[in-house]
Amino acid sequence: MLQVLIVDDDVTKRSAVVAVVRGIVGEGRVNIIETSTVSSASDALRSSSFDILVLDLSVPMRHGDKVDPQGGAKLLRLLQKSSQLKKPTHIVGFTAFDDLRTEFAPLFGEYLWFIIHYDASSDLWKHRLETKLIHVVESKEGRPDRGFGVDIAIITALERPELAAVLDLDACWKTLDDPRDDTIYHSGTFSCGDRKLRVVASAVVDMGMPAAAAHTMKVIEAFRPRYVAMLGIAAGVKGTPGDVLIADQSWDYAMGKVENVAGEVVLSPAPQPILLDYSLKTRFSYFGLSPETLARISGRWKGTINIGSIALRIGPLASGPSVVAHRGVVDGLLVNNRKLVGLEMETYAVFVAERFARKPRPKVMAIKSICDFADDQKSDEYQNLAAFTSAQYFYEFALAMLIGDADTD
């Protein structure tokens, strides 16, 4: 349970901060204490330990007092001097006033903390706070001594169009040459402002779950990524070509028992689904697919098909041993899981590989886009579109919601 203390006398601003915290961490995984004065904050810090303190610079000393432009700084100094107050693990300053930020930046910098500029008309403050929260959550989970090597490993099932769409992303890609490994890897950096994420990308040599599992295990062992992302194309249950599918669970839909029922050979399913990490699911739900994100993605599309208004669909994604060109397979799967969003051939294997990897295990995710609807209406251009939206959406999501060792406070 993450422990958060928010000190701010502005109810509207405090509520906005609370919404960001709950959106990133999850409603049931965070305990938030809200105070509006230095005095009440001091009381909270005497009685409890906090993982993060979000501290407005302008707060009253006591209830009924006028706002003190130095209230936040006074509490910060008190924290350093008093042995009765329990020091939070992380502290973030907060202010809507540029002059206060300039005045107290050296004080916060002295203790290696930083100040976020709050502007109700911009989402920049949210992104900075989100980045910090993700860092705090993952730091609290702990990292074994083995550590992580890179931030993200991207895996695709096909060189084209899936890996090709990934390598079209702005990352200054370089090919890695390892004489011990016949797989071709590409390394790059996703960056936006001061955000930097180190990435490796590769394609599985053969189709299907056995090859995907073996490849994923090899990537995890070689690069020790913090995250593994399976990108590419999938058959959708409903929607529009290009719609982005986020797997909140996956299973092998061919798993079960083959038996004779009334003279007919049938498969009795026995799925063993693996769930998406809860913190990742929360981040996908929070990030969504805003009109601004969609506009950026659409602006990069160079294909002949109109990209239209694609949607984000979060739900179960089933994996199987074959390319499906018969809608009856989908209908059969819907009987057992009516929330199914799509099916493909690799995601479950990637999830399994993470489960059996050595610690520290990466967080795995699958972001696939619809290229067809498990029928015989398959088109190279729709595959290109799906590979493009899968890669582009992940790029936007990663820079906004994932944390890497290269990020700074």
Side-chain angles (χ1 to χ4, degrees), residues 15-30 119-135 137-138 152 154 165-166 169 190 192-193 195 197 227 229-234 236-250 275-301 307-317 339-342 347 363-371 385-404 407:
S15 297
V17 172
V18 168
V20 171
V21 173
R22 287 181 174 157
I24 291 295
V25 184
E27 185 72 36
R29 302 181 68 197
V30 61
D119 181 355
S121 66
S122 170
D123 284 340
L124 182 59
W125 71 270
K126 292 183 181 179
H127 294 322
R128 293 204 69 194
L129 182 57
E130 289 163 359
T131 298
K132 185 63 179 180
L133 286 166
I134 293 169
H135 174 74
V137 170
E138 296 189 350
I152 303 168
I154 297 174
V166 171
L169 297 173
F190 292 172
C192 181
R195 298 291 326 279
L197 296 167
Y227 305 99
M230 183 75 194
L231 308 185
I233 64 178
V237 173
K238 61 180 180 180
T240 302
D243 282 359
V244 180
L245 310 179
I246 308 297
D248 68 2
Q249 62 177 277
S250 186
L275 304 184
L276 174 67
D277 176 83
Y278 182 79
S279 67
L280 284 178
K281 183 175 180 179
T282 301
R283 291 176 217 177
F284 279 117
S285 299
Y286 182 82
F287 184 67
L289 181 55
S290 68
E292 294 78 14
T293 301
L294 178 58
R296 287 194 296 272
I297 293 174
S298 299
R300 303 179 192 128
W301 172 239
I307 199 169
S309 182
I310 61 173
L312 180 69
R313 303 179 182 277
I314 302 176
L317 188 65
K339 295 183 178 180
L340 183 74
V341 296
T347 293
K363 296 181 186 295
V364 297
M365 64 198 91
I367 301 91
K368 298 256 183 149
S369 291
I370 295 176
C371 65
L385 172 64
F388 171 83
T389 59
S390 168
Q392 292 288 332
Y393 180 83
F394 177 71
Y395 180 79
E396 295 281 341
F397 172 81
L399 282 173
M401 304 303 291
L402 300 184
I403 189 77
D407 290 313

Problem set entry | From Ile24 atom CD1 to Phe287 atom CZ, the distance as rounded to the nearest 0.5 Å | 10.5 Å
Problem set entry | Straight-line distance of Ile367 CD1 to Thr389 OG1, nearest 0.5 Å | 11.5 Å
Exercise. Short question: side chain of Thr293, backbone of Leu289 - any donor-acceptor pair under 3.5 Å?
Worked result: no
For this session: Heavy atoms only: give me the nearest Arg313-Gly239 pair and the separation to one decimal.
Result: NH2-CA, 3.2 Å
Exercise. Going from CD1 on Ile246 to CG on Leu312, what distance comes out if it is rounded to the nearest 0.5 angstrom?
Worked result: 5.0 Å
For this session: Go through the steps for Tyr227 and Leu197 under the test side chain to side chain contact (heavy atoms under 4.5 Å, CB included), then give the verdict.
Result: CA-CA 11 Å; Tyr227 305 99; Leu197 296 167; 5.9 Å; no
Exercise. Roughly how far, to the nearest 0.5 Å, is CE of Met401 from CG of Leu133?
Worked result: 9.5 Å
Problem set entry | Derivation and outcome, side chain to side chain contact (heavy atoms under 4.5 Å, CB included), residues Phe394 and Leu402 | CA-CA 10 Å; Phe394 177 71; Leu402 300 184; 4.2 Å; yes
For this session: Quick one: sort the Tyr393 and Phe397 rings into parallel, tilted or perpendicular, breaks at 30° and 60°.
Result: parallel
Exercise. Within the side chain of Thr131, is there an N or O that forms a donor-acceptor pair under 3.5 Å with the backbone of His127?
Worked result: yes
Seminar exercise, completed: Rounded to the nearest 0.5 angstrom, the CZ-CD1 distance for Arg283 and Ile134 is 4.5 Å
Exercise. What are the two closest heavy atoms between Pro316 and Leu340, and how far apart are they?
Worked result: O-CD1, 3.5 Å
Exercise. Does one side chain, of Ser250 or Thr347, offer a donor that lies under 3.5 Å from an acceptor on the other?
Worked result: no
Problem set entry | Gap separating the CG atom of Leu317 from the CG atom of Leu276, nearest 0.5 angstrom | 11.0 Å
Problem set entry | Which residues share a salt bridge (charged side-chain N to carboxylate O under 4.0 Å, His left out) with Glu396, sequence neighbours left out | Arg296, Arg300
Exercise. Taking all atoms of both residues into account, what is the closest heavy-atom pair of Pro241 and Ile310, and its distance?
Worked result: O-CG2, 4.3 Å
